[in-house]
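For reference, the structure discussed in these notes is given below.
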Amino acid sequence: MGKSLTQKILEKHLLVGEYVPGKEIGIKIDQTLTQDATGTMAYLQFEAMGLKQVKTELSVSYVDHNTVQVGFENADDHKYLQTVAAKYGIVYSKAGNGICHQVHLERFGKPGKTLLGSDSHTPTNGGIGMIAIGAGGLDVAVAMGGGEFYLTCPKVYKINLTGRLQPWVSAKDVALKMLELFSVKGNVGVVMEYAGSGLASLTVPERATIANMGAEMGVTTSIFPSDEVTRQFLKAQGREEDWVELKADYDAEYNRVVNIDLSTLEPLAAAPHSPGNIVKVSDMKDVVVDQVIIGSCTNSSYKDVATAAEILKNKKIHPDVSFGIAPGSRQVLQMATRDGYISDLMASGARLFEAACGFCIGNSQSPKSKAVSLRTSNRNFEGRSGTRDAQVYLVSPEVAAASALIGKFTDPRTLELEYPVVDVPKEFLIDDSMFIFPKAADKNVEVFRGPNIGAPPVNEEMPQNIAGVVAIKVGDKITTDHIMPAGARLKYRSNVPKYAEFVFEPVDSSFAKRALEAKKNGLHNVIVAGESYGQGSSREHAALCPMYLGVKAVVAKSIERIHAANLVNFGIVPLYFKNVEDYEKIAQGDRIELSDIRTCLKNDDPVFLVNKTSNQRIELMYNLSERQKNILYAGGLLSYTVKEEN
Ligand code: MIC
Ligand code: SF4
């Protein structure tokens with residue numbers, strides 16, 4: 001029987017376990033990436049583990065999320081990242097060089113290699129034929145030190161693409177179609193592997209857009225073969241030597257095969273407040289639009305910017321629309337400037353933003369109250385834009401530009417305009433001067449630590465009994481943006497005690513105080529949640545800060561992959577209801593006990609939650625490998641790794 005491309009690459013990198021879907025495996029990581037918002041904690045943990053230098057083929061530290069620099073905190077973080085990179089042999093990408101996933105695709109992504117990134121959109125580089133996975137910063141720190149990365153050996157779905165996209169329909173619409181088909185939950189442990197004759201017409205940046213939004217489905221990653229299109233892209237980036245041909249065997253078997261005829265797709269949008277709420281743009285036509293922004297790691301390539309510019313050339317955007325554009329990288333910005341596209345956009349009334357995440361993470365460009373905001377980014381969770389009652393829709397650059405022009409949601413097929421076809425350039429403009437390449441790991445570099453940078457907190461060992469209180473009960477689809485808001489709070493990422501004050505802020509701003517009070521009184525805190533808890537970002541602060549507040553367990557109907565791994569890494573036990581109806585038997589504030597939980601895990605016995613307030617006994621399940629149990633006993637991966645080293 002033939003092999004999928006996923007299986008081929010994973011088997012080549014297998015260090016622990018066997019390639020059996022559903023079982024835990026440990027793989028070798030060739031490359032890592034971090035970004036500033038997760039990076040400071042990842043490197044603080046790298047240091048705390050006593051690791052001496054990076055052992056990967058390449059590790060890059062990007063500064064792209066928080067470049068606003070209100071107050072000293074961001075700039076201090078940047079300097080810390082720069083000095084720590086120099087000390088341990090990591091490439092540093094300065095603020096202004098672009099968004100990690102876009103820049104990595106341009107300059108470093110290599111077909112057939114593995115990439116682990118402390119950002120959930122790391123799978124973007126699946127567009128160039130990598131197994132690229134998002135994880136918490138601590139897992140990335142371990143991988144940088146040469147440790148294997150553990151994941152559940154995935155099921156592989158084949159997405160067979162045929163046909164060709166019609167004019168005005170683009171890669172974003174494929175990504176949104178996938179979300180319509182698969183939704184934002186229930187895809188844990190799956191890799192989406194793209195194949196079929198339709199691939200030939202999709203460029204690498206378009207493939208990257210599709211792989212990028214796989215993150216919203218909760219899959220492990222998405223991957224495209226490395227073919228002639230990939231070779232052309234790498235050649236244009238001056239890196240043809242990085243190309244190898246990679247594809248699945250013709251007789252490969254998959255867990256599921258789904259066919260998509262590209263020629264049948266139409267412009268789509270994700271309506272508030274979930275990337276999985278898919279609507280047809282043609283059904284939205286009378287909706288007035290207040291803000292439009294093109295950018296983010298999903299849609300900020302040269303083609304995206306150039307296409308918008310071509311649509312808006314010699315026209316003015318609607319006077320009531322605030323329209324902005326954030327190119328994905330300095331390469332895109334420089335080329336679009338050289339080729340006149342930025343000037344066309346400026347002439348149309350666009351605002352130019354830095355090549356960074358910015359608006360996408362909600363730390364700038366928050367729309368007005370109740371605004372309708374059209375964005376080409378990948379997440380429209382409630383409040384993520386920084387405006388609680390804003391209605392954010394996710395759309396393609398084509399829909400964004402057309403709607404900015406008309407002032408209403410606009411199906412671009414209705415514009416009296418020929419579709420501007422923008423090809424991938426034969427040669428990209430290559431200027432690597434905003435990377436700082438390490439000389440060799442230089443032990444003498446003094447690491448800069450501003451006052452905002454604290455040591456990562458270490459947890460105590462797991463108690464024999466978890467006894468305390470249900471600190472909060474939340475519903476379904478709670479994202480990490482609900483648990484640990486970013487936006488204006490981002491600047492506290494390196495200061496856990498301060499950042500912890502904002503845990504669950506968008507849901508219940510009294511949570512942190514309450515939890516800390518209970519902890520002081522010797523009670524353990526437990527979180528009770530519905531389905532798909534911890535969707536979205538990889539931010540480990542959504543586990544680390546609750547840990548700091550004394551949270552010992554999460555009991556949920558289901559938990560998303562990266563978050564479940566982060567909980568274990570910070571010594572919080574992820575538990576599931578055996579019968580989901582039991583969710584109703586617990587209320588916030590109930591006194592509860594999970595007796596002998598340590599022994600239960602050791603003996604593989606079921607865990608029971610005794611609700612002392614209502615006198616009920618609820619059976620819980622867990623899905624933990626022996627390695628994960630040992631991490632939990634130690635109180636988290638940091639203590640576990642330090643213990644193992646000594
Ligand atoms: C996001 O898009 O939510 C982020 C901000 O990039 C996060 C990482 C973070 O919270 O720092 C992600 O996707 O993992
Ligand atoms: Fe940055 Fe937004 Fe991409 Fe996250 S999703 S990496 S915040 S651009």
Side-chain angles (χ1 to χ4, degrees), residues 33-42 61-68 74 77 81 93 95 98-105 116-125 132-137 139-140 172 175 208-209 211-216 218 221 270 275 293-301 304 326-329 332 353-365 375-381 383-386 392 394 479-494 499 502 534-545 560-563 565-566:
L33 71 77
T34 56
Q35 39 88 341
D36 50 307
T38 54
T40 46
M41 203 40 73
S61 170
Y62 292 92
V63 175
D64 55 0
H65 274 61
N66 207 352
T67 54
V68 180
N74 294 160
D77 280 359
L81 291 168
S93 175
I99 305 173
C100 54
H101 311 302
Q102 171 69 24
V103 180
H104 206 85
L105 190 76
L116 192 71
S118 60
D119 191 281
S120 65
H121 290 105
T122 304
T124 310
N125 272 261
I133 304 179
D139 280 332
V140 177
K172 179 59 149 274
T209 295
N212 174 284
M213 281 195 81
E216 276 49 72
T221 192
I293 310 185
I294 295 178
S296 94
C297 57
T298 320
N299 276 115
S300 57
S301 67
D304 294 330
S329 68
V332 172
F353 306 137
E354 195 174 10
C357 299
F359 79 95
C360 176
I361 187 57
N363 68 8
S364 55
Q365 299 310 316
R375 298 170 167 219
T376 64
S377 46
N378 46 40
R379 289 187 174 142
N380 58 346
F381 304 144
R384 180 175 160 108
S385 67
V392 178
L394 307 175
T479 71
T480 51
D481 279 288
H482 291 108
I483 307 170
M484 208 53 270
R489 306 298 184 204
L490 250 193
K491 65 180 186 178
Y492 299 123
R493 283 283 173 98
S494 316
Y499 200 27
F502 306 107
Q535 271 186 16
S537 108
S538 68
R539 67 189 69 146
E540 61 189 353
H541 295 78
L544 169 59
C545 293
E560 289 299 306
R561 173 188 70 89
I562 304 180
H563 189 60
N566 284 338

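Ligands are counted one by one from 1 in listed order, and the atoms in each one are counted from 1 as well.
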In the structure I gave you, are the side-chain heavy atoms of [X] and [Y] within less than 4.5 Å of one another anywhere?
| X | Y | result |
| --- | --- | --- |
| V63 | Q35 | no |
| I361 | R384 | yes |
| K172 | M213 | yes |
| N66 | N74 | yes |

Ring geometry between F502 and Y492 (parallel below 30°, tilted from 30 to 60°, perpendicular above 60°): parallel

Give the numbers and elements of all ligand 2 atoms closer than 4.0 Å to a heavy atom of [X].
| X | result |
| --- | --- |
| D119 | 6 (S) |
| I361 | 7 (S) |
| H101 | 6 (S) |
| N378 | 5 (S) |

Contact (N/O only, under 3.5 Å) between D481 and ligand 1: no

Polar contact flag for S118 and ligand 1 (N/O pairs, less than 3.5 Å): no

Heavy-atom nearest neighbour in the protein, as seen from [atom], with distance rounded to 0.1 Å:
| atom | result |
| --- | --- |
| atom 7 (C) of ligand 1 | S537 CB, 3.2 Å |
| atom 8 (C) of ligand 1 | Q35 NE2, 3.2 Å |
| atom 1 (Fe) of ligand 2 | C357 SG, 2.3 Å |
| atom 13 (O) of ligand 1 | S120 OG, 2.6 Å |
| atom 10 (O) of ligand 1 | R539 NE, 2.6 Å |
| atom 2 (O) of ligand 1 | R384 NH2, 2.9 Å |

Polar side-chain atom of [X] near backbone of [Y] as donor-acceptor pair, under 3.5 Å:
| X | Y | answer |
| --- | --- | --- |
| T38 | S118 | yes |
| N566 | S538 | yes |
| T122 | D119 | yes |
| S385 | G362 | no |
| T480 | G534 | no |

Can you name the atoms of ligand 1, numbered from 1 with element, that are less than 4.0 Å from a heavy atom of [X]?
| X | result |
| --- | --- |
| T38 | 9 (C), 11 (O) |
| A37 | 11 (O) |
| S538 | 12 (C), 14 (O) |
| R493 | 9 (C), 10 (O), 11 (O) |
| D119 | 4 (C), 6 (O), 7 (C), 8 (C), 12 (C), 13 (O), 14 (O) |
| H65 | 4 (C), 5 (C), 6 (O) |
| R379 | 1 (C), 2 (O), 3 (O), 12 (C), 13 (O) |

Working for side chain to side chain contact (heavy atoms under 4.5 Å, CB included), residues D36 and D77: CA-CA 7 Å; D36 50 307; D77 280 359; 5.7 Å; no

Under 2.8 Å: N/O/S of C360 next to atom 2 (Fe) of ligand 2: yes

Test log, rule side chain to side chain donor-acceptor pair (under 3.5 Å), inputs N378 and H121: CA-CA 9 Å; N378 46 40; H121 290 105; 3.1 Å; yes

Check ion pair D481-R539 (N to O, under 4.0 angstrom): yes

Location of contacts on H101 toward ligand 1, heavy atoms closer than 4.0 Å: neither

I361 contact mode with ligand 1 (heavy-atom cut-off under 4.0 Å): side chain

Rounded distance [0.5 Å steps], CD1 in I99 versus OG in S329: 8.5 Å

Side chain to side chain donor-acceptor pair (under 3.5 Å) evaluation trace for Y499 with R493: CA-CA 6 Å; Y499 200 27; R493 283 283 173 98; 3.0 Å; yes

Proximity winner for atom 6 (S) of ligand 2, if only heavy atoms of Q35, Q102, R384, H65 are counted: H65

N/O/S atom of C297 inside 2.8 Å of atom 3 (Fe) of ligand 2, strictly under: yes

Structural part of T298 in contact with ligand 2, heavy atom criterion under 4.0 angstrom: neither

